[in-house]
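All values derive from a computational prediction rather than experimental measurement.
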Amino acid sequence: MRFVVVGDCTLDITVTPAHRRQRGGDTPAVIRLGPGGQAANVAVRLARLGRDVRLVAPLADDPAGRLLREALMRDGVEVSALRAGRSATVAVLLDRNGERTMLSDRQSLRGFARAALARAGWVHVSGYALLDDASGDGLARALARRLPGMRLSLGGGSLPHEPARMARFRTRLRLAAPQLCLLSLDEAAALLGRRTRRAQAAAAALADVADVVIVTAGAGGSAAMVRDRLLTVPPAAVQGPIVDATGAGDAYAAAVIARLAAGPWPPRPGQLRSAMADGGRLGGRVARVAGAQGRVAGERRPAA
């Protein structure tokens, strides 16, 4: 099966301060440059799992864009670049627990057309792209016209707790009609319009948005609704401290859809549990290395 991943590809500037920042002062820090972006992260993890994958994302012919193209191609990802005035950049501020705050200069998915989905068996879309008011409506319409039998999954994309934006996002979500929706607990709460502490309750409340809804809750494990049945999977037992949570959720998504693509739809409960366990293990390992696309043990390495 060919995977097409649609959305963002960014140059991540990751900053880890050595100690508390002081206003007006000069704080020592470790600063790294590397590839990122929700869609690009998923595409890279799929390629490292041995899948045939193409990324559709806005990329300019600038230094950042050239660096990102080279990194994607080294991992075996086919790149279909949409026109952009400049390539997207994100500043990622890490705290001592590996949690991140992002300052984003994203680019809209202008010029996207259904033709970009050619020969895809599975399409995965970044929630950032569907949330974008400049291009989200057109993207939703194009996804709604996908060929019969083409599966569509959607990642959350740091959904904001803003009712008006969530109403527009829900409208696009209904139009696109994904088979699978993957959300963090906080993203699920934003979509529901209320706070919730349990992945199980969030997944059950969002059962209408897709055939399968998965909600992840970090140390709380994950929960899913499929065929009116609620499933839960405990957190993966991964050794070591969390270094950088950036990209861990994207790795989870890649592992899940890679496993589910080989089976029937909707998946049987046992298949879905296995896919969620795969996602938890890969996401946990990714959170323990630096960078959204940091390589972990067991991933396929590019050919020399």
Side-chain angles (χ1 to χ4, degrees), residues 5-18 21 27-49 51 53-81 84 86-107 124 126-129 155-158 238 240-255 282-304:
V5 185
V6 180
D8 51 335
C9 180
T10 69
L11 179 64
D12 286 0
I13 305 168
T14 303
V15 181
T16 309
R21 300 186 300 275
T27 303
V30 175
I31 302 175
R32 299 182 179 92
L33 291 179
Q38 187 181 71
N41 296 341
V42 173
V44 164
R45 298 296 173 188
L46 283 169
R48 292 179 187 172
L49 289 168
R51 302 311 193 266
V53 58
R54 180 171 74 243
L55 173 68
V56 182
L59 276 173
D61 185 18
D62 55 13
R66 290 189 287 274
L67 184 154
L68 293 168
R69 281 184 179 86
E70 290 170 4
L72 289 162
M73 292 171 64
R74 280 197 302 271
D75 269 307
V77 177
E78 178 187 340
V79 181
S80 179
R86 63 184 180 280
S87 297
T89 306
V90 174
V92 183
L93 308 180
L94 292 181
D95 66 19
R96 65 183 62 187
N97 298 314
E99 283 300 330
R100 78 275 192 270
T101 299
M102 297 185 293
L103 305 174
S104 303
D105 180 10
R106 301 185 185 276
Q107 300 300 303
H124 181 78
S126 165
Y128 289 109
S158 298
V238 181
I242 292 176
V243 173
D244 182 357
T246 312
D250 306 329
Y252 181 103
L282 183 56
R285 291 198 295 269
V286 168
R288 285 159 175 82
V289 299
Q293 294 176 20
R295 196 174 298 276
V296 300
E299 286 191 313
R300 190 177 72 170
R301 291 188 175 274

Mind jotting down which residue pairs meet the salt bridge (charged side-chain N to carboxylate O under 4.0 Å, His left out) criterion with at least one end in residues 240-250? Sequence neighbours excluded, please.
none
Would you say that [X] contacts [Y] through its side chain, given a criterion of any heavy-atom pair below 4.5 Å between the two side chains?
{"X": "Val15", "Y": "Val92", "answer": "no"}
{"X": "Leu94", "Y": "Thr246", "answer": "yes"}
{"X": "Thr14", "Y": "Ile31", "answer": "no"}

Closer than 3.5 angstrom, by distance alone: can the side chain of [X] be matched with the main-chain N or O of [Y] as a donor-acceptor pair?
{"X": "Ser126", "Y": "Ala39", "value": "no"}
{"X": "Ser104", "Y": "Val90", "value": "no"}
{"X": "Arg51", "Y": "Leu49", "value": "yes"}
{"X": "Gln107", "Y": "Leu59", "value": "no"}
{"X": "Thr10", "Y": "Gly37", "value": "yes"}

Residue pair [X] / [Y]: nearest heavy atoms and the distance that separates them:
{"X": "Val77", "Y": "Ala43", "result": "CG2-O, 3.8 Å"}
{"X": "Thr27", "Y": "Pro17", "result": "CG2-CB, 4.2 Å"}
{"X": "Gly157", "Y": "Tyr128", "result": "O-CE2, 3.2 Å"}
{"X": "Gly7", "Y": "Pro58", "result": "O-CD, 3.3 Å"}
{"X": "Ser87", "Y": "Ala60", "result": "OG-N, 3.0 Å"}

Among all residues two or more places apart in sequence or in another chain, which pass the salt bridge (charged side-chain N to carboxylate O under 4.0 Å, His left out) test with [X]?
{"X": "Asp61", "result": "Arg66"}
{"X": "Arg86", "result": "Asp105"}
{"X": "Arg106", "result": "Asp8"}

In Å and rounded to the nearest 0.5 Å, what is the NE2 to CG distance from His124 to Leu55?
11.0 Å
To the nearest 0.5 Å, tell me how far Asp12 CG sits from Arg32 CZ.
12.5 Å
Could you list the donor-acceptor pairs under 3.5 angstrom formed by side chains in residues 283-298, with sequence neighbours left out?
from: Arg288; atom 1: NE; to: Gln239; atom 2: O; distance (Å): 3.3
from: Arg288; atom 1: NE; to: Gly240; atom 2: O; distance (Å): 2.6
from: Arg288; atom 1: NH1; to: Gly284; atom 2: O; distance (Å): 2.8
from: Arg288; atom 1: NH2; to: Gly240; atom 2: O; distance (Å): 3.4
from: Gln293; atom 1: NE2; to: Asn41; atom 2: OD1; distance (Å): 3.0
from: Arg295; atom 1: NH1; to: Arg300; atom 2: O; distance (Å): 2.7
from: Arg295; atom 1: NH2; to: Asp75; atom 2: OD1; distance (Å): 3.0

Side chain to side chain contact (heavy atoms under 4.5 Å, CB included) between Thr89 and Ile13, worked out:
CA-CA 8 Å; Thr89 306; Ile13 305 168; 3.7 Å; yes
Listed partners of Glu78 passing side chain to side chain donor-acceptor pair (under 3.5 Å), at least two apart:
Arg2
